[in-house]
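Side chains are part of it too, since the values below use all heavy atoms of this structure and drop only hydrogens, waters and symmetry mates. Everything quoted here is computed from the prediction, not taken from an experiment.
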Amino acid sequence: MSDFVTFVKAAIIGIVSEMLAFFAPIEGNFIAMVWLFALNFLFGMLADVLAGREFSMRKAIACISHATLFFALCASLYGIGYFQHLNGDVLGQCVSSFCWILVYCYSTNIVRNVRSMLRNDAPAYRAVDLLYNALTLAFVKTLPFVAEILKQRKEERDGNK
């Protein structure tokens with residue numbers, strides 16, 4: 001029995017070591033995603049607590065499941081490209097682009113949560129509000145044709161319900 005347990009431990013260590021070596025070229029992207037998801041979780045939780053809402057295990061599990069999904073997608077993207085023999089630079093750029101899309105989307109959410117934690121009359125609020133409006137491209141909504149397009153899409157969505 002002892003030999004079997006030793007074999008299982010060695011197999012697990014070997015598999016984990018091989019996976020870490022395989023994903024070593026995109027290690028920086030994984031670390032950045034860990035920071036991004038941790039900040040999103042932290043600022044989401046702080047925004048809820050400061051707004052007087054209780055900690056929501058449902059939201060926490062959703063955040064963790066989204067992070068797991070995006071790690072799996074990033075790893076799959078890298079693995080598929082690797083086994084299709086893509087150039088390492090192209091493959092790294094593809095994974096990096098995917099991560100930058102996540103950075104944009106989650107940064108917008110983080111900034112929105114930070115904005116909700118600040119008082120409306122604080123100078124920091126104005127700075128964060130400006131950053132949020134820039135990230136969400138809120139100024140584009142002021143263009144007449146964009147407002148009309150958004151109105152049509154809303155009517156279409158409401159009509160499809």
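- With hydrogens and angles ignored, the 3.5 Å screen pairs a side-chain donor or acceptor of N133 with a backbone N or O of D129.
- F30 and F22 fall within the same hydrophobic cluster, where Ile, Leu, Val, Met, Phe, Trp and Tyr residues are linked whenever their side-chain heavy atoms come under 4.5 Å apart, directly or through other members.
- For the pair V128/Y125, no side-chain contact is recorded, criterion being any heavy-atom separation below 4.5 Å from C-beta on.
- When the side chains of ILVMFWY residues are joined at heavy-atom separations under 4.5 Å, either directly or via intervening members, V103 and I101 end up in two distinct hydrophobic clusters.
- With values rounded to the nearest 0.5 angstrom, D3 atom CG is found 6.0 Å from T6 atom OG1.
- Between T108 and R112 the shortest side-chain heavy-atom distance does not fall below 4.5 Å.
- Under the 4.5 Å side-chain heavy-atom criterion for Ile, Leu, Val, Met, Phe, Trp and Tyr, M19 and F71 are members of the same hydrophobic cluster.
- Evaluation of the side-chain contact (heavy atoms from CB on, under 4.5 Å) rule for V8 yields F4, I12 as partners, not counting sequence neighbours.
- Minimum heavy-atom separation, C74 to V95: SG-CG1, 3.3 Å.
- For R115 and Y132, the positive end sits near the middle of the six-membered ring, less than 6.0 Å away and at most 45° from its axis.
- Under the 4.5 Å side-chain heavy-atom criterion for Ile, Leu, Val, Met, Phe, Trp and Tyr, L102 and L69 are members of the same hydrophobic cluster.
- Among residues two or more places apart in sequence or in another chain, the side-chain contact (heavy atoms from CB on, under 4.5 Å) test is passed with I31 by E27, W35.
- In terms of hydrophobic clustering, with Ile, Leu, Val, Met, Phe, Trp and Tyr side chains grouped at heavy-atom distances under 4.5 Å, L50 and V114 are assigned to a common cluster.
- Atoms OG1 and CD1, on T68 and I61 in that order, are 11.0 Å from each other to the nearest 0.5 Å.
- Residue pairs meeting the ring-ring contact (aromatic ring centres under 6.0 Å, His included) criterion with at least one member in residues 92-119, sequence neighbours excluded: F37-Y106.
- Here the CD1 atom belonging to I110 is positioned 10.5 Å from the CG atom belonging to L135, to the nearest 0.5 angstrom.
- Counting heavy-atom neighbours within 6.0 Å of E54 CD, excluding the residue itself, gives a total of 12 or less.
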Residues 75-93 side chain polar contacts: donor-acceptor under 3.5 Å, at least two apart:
| unit_1 | atom_1 | unit_2 | atom_2 | d |
| --- | --- | --- | --- | --- |
| S76 | OG | A72 | O | 2.7 |
| N87 | OD1 | D89 | N | 2.9 |

Which atom pairs, donor and acceptor, lie under 3.5 Å between side-chain atoms of residues 38-49 and protein residues at least two apart or in another chain?
| unit_1 | atom_1 | unit_2 | atom_2 | d |
| --- | --- | --- | --- | --- |
| N40 | OD1 | N109 | ND2 | 2.6 |
| D48 | OD1 | R53 | NE | 3.1 |
| D48 | OD1 | R53 | NH2 | 2.8 |
| D48 | OD1 | K59 | NZ | 3.3 |
| D48 | OD2 | K59 | NZ | 2.7 |

Report task. Run the numbers on R126 and L130 for side-chain contact (heavy atoms from CB on, under 4.5 Å), then give the verdict. Result -> CA-CA 6 Å; R126 289 191 294 267; L130 179 64; over 6 Å; no
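- Pairs engaging residues 11-20 under the side-chain hydrogen bond (donor to acceptor under 3.5 Å, both in side chains) rule: none recorded [sequence neighbours left out].
- Here I26 contributes atom CD1 and C99 contributes atom SG; the two are 7.5 Å apart, rounded to the nearest 0.5 Å.
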